[in-house]
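One structure is given below, encoded as structure tokens.
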2 protein chains.
Amino acid sequence: MPGATVNAIPTRARILYASAELFRRQGYAATGLKQIAAESEATLGSVYHFFPGGKQQLADEVLRVGGRFFLALYETIAAGAVDLVSAVRDFFDGAGQTLLATGFADACPIATVAGEIASTNEVLRAAVADTFESWLDALAEDAVEAGIEADRARALALSVLALLEGAFLLSRSLRSLEPMRSCADSAVALVSAALADSREASRR
Amino acid sequence: MPGATVNAIPTRARILYASAELFRRQGYAATGLKQIAAESEATLGSVYHFFPGGKQQLADEVLRVGGRFFLALYETIAAGAVDLVSAVRDFFDGAGQTLLATGFADACPIATVAGEIASTNEVLRAAVADTFESWLDALAEDAVEAGIEADRARALALSVLALLEGAFLLSRSLRSLEPMRSCADSAVALVSAALADSREASRR
DNA sequence: GTCTATAGAGAGATAGAC
DNA sequence: GTCTATCTCTCTATAGAC
């Protein structure tokens, strides 16, 4: 392929990446398609070429792709951890490091948009709900594998994810890692308590 | 005062109230001043008459006033509860009831805006941070009065508030009270554990 | 696939009559 | 204090040349 620029990032991917960054930082309504085009070094025409459904289609895809990426990040960290407690601890630690490295800008890939559109855009709310459920399934599955009963595992997953989302919002708002650190401790405590209960139950 | 309409709600208050409702449901960027004027049955001129600083000044005031109202709600509930565990339980229950009664629209009065502007509007971020801190102070103060040591009380307050904020986001997104219920249980568990630890420490 | 130009609607903000 | 008219800007979306 003479003259071809090898490994150049395709336009569609650049648009998705830039959109993901802008949506998570500024939200859906505050981010314009022109800003996305500029940030991704594409033209408005290209944005509509790849996403004929306009802003909503673009956001739908950003939420789902970003959600899968975040899930993969959790699974990678969990695979490298010795147990569920370490996995949760490591994930919260990584979230805190990312917050610090980005000036408290990059937190959850979907939370900012989720809050905005939950009551006003059913298409995007469904994308958010599907994504949250996929995370909850992964967390609960790991909890079940660690010996926690299924209902308890689901409740635990909900609380751990809520702690993470709440910590993201508080740490971004207060510009401090203190909320993330306290919530990491609490998430670890909840997981530990659930594990202790399951061990006690199996002893009977 | 012949002919005076007694107890008519003043225009300024109507604007604040309508803004609070729209901002918390749709966010800052998605809510227009014309929509606020229409919803509050005022004119655009009146909005700028009372809030010459425009949209940002209006939002700043909405965040602070809404935050004080939410704090007062907590304090009322806490005053009527027999202990800290009941206070937390009752507050989460009330939050769930409001979510259900409003079709999962009315959650935290500041969270939606907080997520949007944390990285882009320093004035509003400061209003959000001040408000969160006032809630954390109230919660931690009650924890200290219940016998929990100050540092632990602060960490507990951060986790309980994060659980509440995370539960709001998840319940709105999934359109289910399940996250709110699980997070209520976890918040109660965290408070109970802190109280048990403080009793054990004072016994030594 | 990429790019420019532009339509049409709506935004925030202002001026000035009443 | 209230209201209308309007300025200017930006938004989403589309059309069509290349």
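Scope of the values below: all heavy atoms of this structure, side chains included, with no hydrogens, waters or symmetry mates. Note that the coordinates shown come from a computational prediction; the quantities given were computed from them, not determined experimentally. Every chain is numbered from 1, with letters handed out A, B, ... down the list of sequences.
The side chain of B:T11 has D:dT2 as its nearest neighbour among D:dT2, C:dT4, C:dA13. In the set C:dT14, C:dC3, D:dT2, the nucleotide with an atom closest to the side chain of B:H49 is D:dT2. Closest contact between the side chain of A:L44 and the listed nucleotides D:dT12, C:dG1, C:dG12 involves D:dT12. Candidate nucleotides C:dG12, C:dC3, D:dT12 were compared by shortest atom distance to the side chain of A:T43, and C:dC3 ranks first. When each of D:dT2, C:dT2, D:dT12 is scored by its nearest atom to the side-chain atoms of A:F50, the top-ranked nucleotide is C:dT2. With C:dA13, D:dT2, D:dA13 as the candidates, the nucleotide lying closest to the side chain of A:L33 is D:dA13.
Atom C1' of nucleotide D:dT14 and atom OH of A:Y48 are separated by 9 Å, given to the nearest angstrom. Following rounding to the nearest Å, A:I36 (CD1) and D:dC11 (C1') show an atom-to-atom distance of 12 Å. For the pair B:K55 NZ and D:dC9 P, the interatomic distance rounds to 19 Å; values are reported in whole Å.
Counting any heavy atom pair closer than 4.0 Å across all strands shown, A:G45 reaches a base atom.
For B:E165 and B:R172, the salt-bridge test fails: no basic side-chain N is under 4.0 Å from an acidic carboxylate O. Salt bridge status for B:R154 with A:E178: present, with a side-chain N to carboxylate O gap under 4.0 Å. No salt bridge links A:R152 with A:E149; every basic N to acidic carboxylate O contact stays at or beyond 4.0 Å.
Side-chain nitrogen and oxygen atoms of B:S46 include at least one within less than 4.0 Å of the OP1 or OP2 phosphate oxygen of D:dT2.
Heavy-atom distances to DNA chain D give each of A:K34 and B:E41 a nearest nucleotide, and the one nearer the 5′ end belongs to B:E41.
Ring orientation note: the planes of B:F70 and B:W135 are tilted relative to one another, at an angle of 30° to 60°.
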